[in-house]
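Here it is, the structure in full.
Order of the sequence lines sets the chain letters (A, B, ...), proteins ahead of strands, with each chain counted from 1. Just so it is clear, the structure is predicted and the values come from calculations on it, not from any experiment.
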Protein chains: 2
Amino acid sequence: MTELEKGPKGRRRGRGARERILSASQQLFREQGINRTGMDQLCAAAQVSKRTAYQHFTGKDELVAEYLRRFDPSVLSGVFDRTDLTPRERLLAAFDIPPDTPLCPYIGAAVELHDPQHPASQYARDYKKAVAARLADTAREAGAADPEQLGEQLALLIDGAAARTRVLNADAFPTAAAIAAVLIDNAIPTTAGDHRRREEVPS
Amino acid sequence: MTELEKGPKGRRRGRGARERILSASQQLFREQGINRTGMDQLCAAAQVSKRTAYQHFTGKDELVAEYLRRFDPSVLSGVFDRTDLTPRERLLAAFDIPPDTPLCPYIGAAVELHDPQHPASQYARDYKKAVAARLADTAREAGAADPEQLGEQLALLIDGAAARTRVLNADAFPTAAAIAAVLIDNAIPTTAGDHRRREEVPS
DNA sequence: TGTTATGTACACCGATCTGTGTGCTTACCG
DNA sequence: CGGTAAGCACACAGATCGGTGTACATAACA
């Protein structure tokens, strides 16, 4: 009561204001977009006074950059660290996305901010490159002929699915997954089986 | 002089204010984005008084929708109406984009407006569907096994290239074109000449 | 000539936005 | 206890936004 619940005034601090601000950002920026989410609304949602928010972040720009920096775990690592899958399956698993996922915030940020020099835009670039690199690593692990190329191609498919889902309001990831399957089959030379869908991998 | 050049006051009307407004929209909305371009700036660039702008368009929303509606000719028809190319070549030509093209305004609008009900968002959807349909038509003309699927796949590649180009600030269309070539080769059974290795599907 | 569109120039409204300034309140810690 | 850090409530500044109101100027047409 004294710790998590608020007294009507004074220090509230249930697990840090900063956390609540970033948590609210995750929700509001994705739901409404960055530009359409004002600091007033955001602070209200985070149950944080505006004054406090500006003591944790020098401005909205920094907040946005920090907000973007908190995404890897769920999307990136969540896919690549699954040791129960073969490299090949891991590549395809990148397209298995829960159908309600609001949609790649990096593209949204790059479009909304519209300034390639903005820290968030720079981080979005870095992130996209990192994803392509991890895909390339996995492709190499899977024995692809040209891992870098395959990684870049799969990254493009993911972005295409994200953008198209956003514009059409309909899930485009199955289509992207189908293309990915073709590309992977074409790029990985042998591996016992063949092209088409191959159920399991021996080891 | 009396017609095109302006007297310091009064009616200017060199080829219609509406045209100048839309023309300025094309430039500013693409350069700066929609939300970051105010009506004041836009009217100044169009050399049109703000009052006049609001007599031609009921509001910015309508202007944005109209702005989007003026893009087909250059992109869509420009590719599909080329009778000097085979259907196959036409499919690939969709990825031949002048390297400086600012980038698909439909995706930008859908992200910036962030409201699927916005007239511009609806038109963006219609347009994307139309492109996929024309790609499917061409794919059918080229003899693809599943034209709708190929059309949807190629459309996704285009969107992926657009989005990725935007985020990474580097041309992603060559990568998309490479994927397209693979998909087309896989989907079109015969077609005399070819590159890649295609030993399968005799008929 | 006068009328009617069409347009200009410019001030202005209300809303909203990022960001501050100020004073008060509470928790923690020595 | 007293001090300090963290936070709150709230008003407010300054800018910008979409959109109007008003009075005036010009071109085309009768």
Side-chain angles (χ1 to χ4, degrees), chain A residues 1-25 28-29 32-67 112-115 118-120, chain B residues 1-25 28-29 32-67 112-115 118-120:
Chain A
M1 186 81 78
T2 58
E3 192 63 300
L4 276 178
E5 286 305 323
K6 74 289 165 162
K9 270 263 192 173
R11 202 177 181 182
R12 186 169 301 153
R13 184 191 104 181
R15 219 187 77 256
R18 201 187 171 94
E19 301 298 321
R20 286 206 305 277
I21 295 172
L22 287 169
S23 170
S25 303
L28 292 179
F29 285 161
Q32 312 179 337
I34 296 172
N35 290 331
R36 300 187 116 70
T37 301
M39 291 297 284
D40 284 306
Q41 183 192 0
L42 199 149
C43 292
Q47 285 182 294
V48 158
S49 87
K50 206 156 59 149
R51 208 69 190 77
T52 300
Y54 280 97
Q55 264 149 9
H56 281 288
F57 305 93
T58 67
K60 195 184 184 183
D61 287 349
E62 185 181 308
L63 173 58
V64 171
E66 262 303 299
Y67 142 75
E112 282 203 88
L113 304 174
H114 217 272
D115 171 18
H118 191 291
Chain B
M1 185 81 78
T2 57
E3 194 63 301
L4 276 179
E5 287 303 323
K6 75 287 167 166
K9 270 262 191 172
R11 201 176 183 181
R12 186 169 300 153
R13 183 190 107 183
R15 219 186 77 258
R18 200 187 172 93
E19 301 298 321
R20 287 206 304 278
I21 295 172
L22 286 169
S23 170
S25 302
L28 293 179
F29 284 161
Q32 311 179 338
I34 295 173
N35 291 331
R36 300 186 119 68
T37 301
M39 291 297 285
D40 285 306
Q41 183 191 2
L42 199 149
C43 291
Q47 286 183 292
V48 158
S49 87
K50 206 156 61 147
R51 210 69 190 78
T52 301
Y54 279 97
Q55 266 149 8
H56 281 288
F57 304 93
T58 68
K60 196 184 185 185
D61 287 349
E62 185 181 309
L63 173 58
V64 171
E66 262 303 299
Y67 142 74
E112 281 202 90
L113 304 176
H114 216 275
D115 171 19
H118 192 292

> Checking side-chain contact (heavy atoms from CB on, under 4.5 Å) for the pair A:V48/A:R18: CA distance, chi angles, key distance, verdict?
Replying inline: CA-CA 9 Å; A:V48 158; A:R18 201 187 171 94; over 6 Å; no

> Mind checking what makes salt bridge (charged side-chain N to carboxylate O under 4.0 Å, His left out) contact with B:K60, not counting sequence neighbours?
Replying inline: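 Once residues adjacent in sequence are excluded, B:K60 has no partner under the salt bridge (charged side-chain N to carboxylate O under 4.0 Å, His left out) criterion.
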
>> Taking atom types as they are modelled, would you say the side chain of B:K50 forms a donor-acceptor pair with the base of D:dG19 within the 3.5 Å cutoff?
In response: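 Flag set: donor-acceptor pair detected.
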
>> Rounded to whole Å, please give me the gap between CD in A:Q55 and P in C:dT20.
In response: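 Result: 11 Å.
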
>> From C-beta outward on B:M39, which listed nucleotide comes closest to its side chain: C:dT8, C:dT22, D:dG18?
In response: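 Nearest nucleotide to the side chain: D:dG18.
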
>> Expressed as a whole number of angstroms, how long is the span from A:Q41:CD to C:dC17:C1'?
In response: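 The answer, rounded to whole Å, is 12 Å.
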
> Rounded to the Å, how far apart are A:D40 CG and D:dC10 C1'?
Replying inline: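 Going from A:D40 (CG) to D:dC10 (C1'), I get 11 Å.
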
> In whole angstrom, what separates A:N35's CG from D:dA15's C1'?
Replying inline: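 After rounding, the gap between these two atoms is 16 Å.
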
> Rounded to whole angstrom units, what separation is found between the OH atom of B:Y54 and the P atom of C:dC10?
Replying inline: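 Between P of C:dC10 and OH of B:Y54: 19 Å.
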
> Atom CZ of B:R20 to atom P of C:dG7: distance rounded to whole Å?
Replying inline: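 Whole-Å distance recorded here is 8 Å.
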
> Tell me: CZ of B:R51 to P of D:dG21, nearest whole Å?
Replying inline: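 After rounding, the gap between these two atoms is 7 Å.
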
>> Between P on C:dG19 and CG on A:L42, what's the gap in Å once rounded to a whole number?
In response: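 My rounded result for the distance is 12 Å.
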
>> For A:L22 and A:L63: C-alpha separation, side-chain torsions, deciding distance, then whether side-chain contact (heavy atoms from CB on, under 4.5 Å) applies.
In response: CA-CA 8 Å; A:L22 287 169; A:L63 173 58; 3.8 Å; yes

> Is it the case that A:T58 and A:E62 place a side-chain donor and acceptor less than 3.5 Å from each other?
Replying inline: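 Side-chain D/A pair, A:T58 to A:E62: present.
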
> Mapping A:K60 and B:H56 onto DNA chain C by nearest heavy atom, which one lands closer to the 5' end?
Replying inline: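 Result: B:H56.
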
> Checking all strands, does A:T37 fall into the base, sugar-phosphate, or nothing category for heavy-atom contacts under 4.0 angstrom?
Replying inline: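 Touches sugar-phosphate only.
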
>> As a test of reading the structure: which of D:dG18, C:dG7, C:dT20 is closest to the side chain of B:T52, going by heavy atoms?
In response: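 Within the option list, the nearest is C:dG7.
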
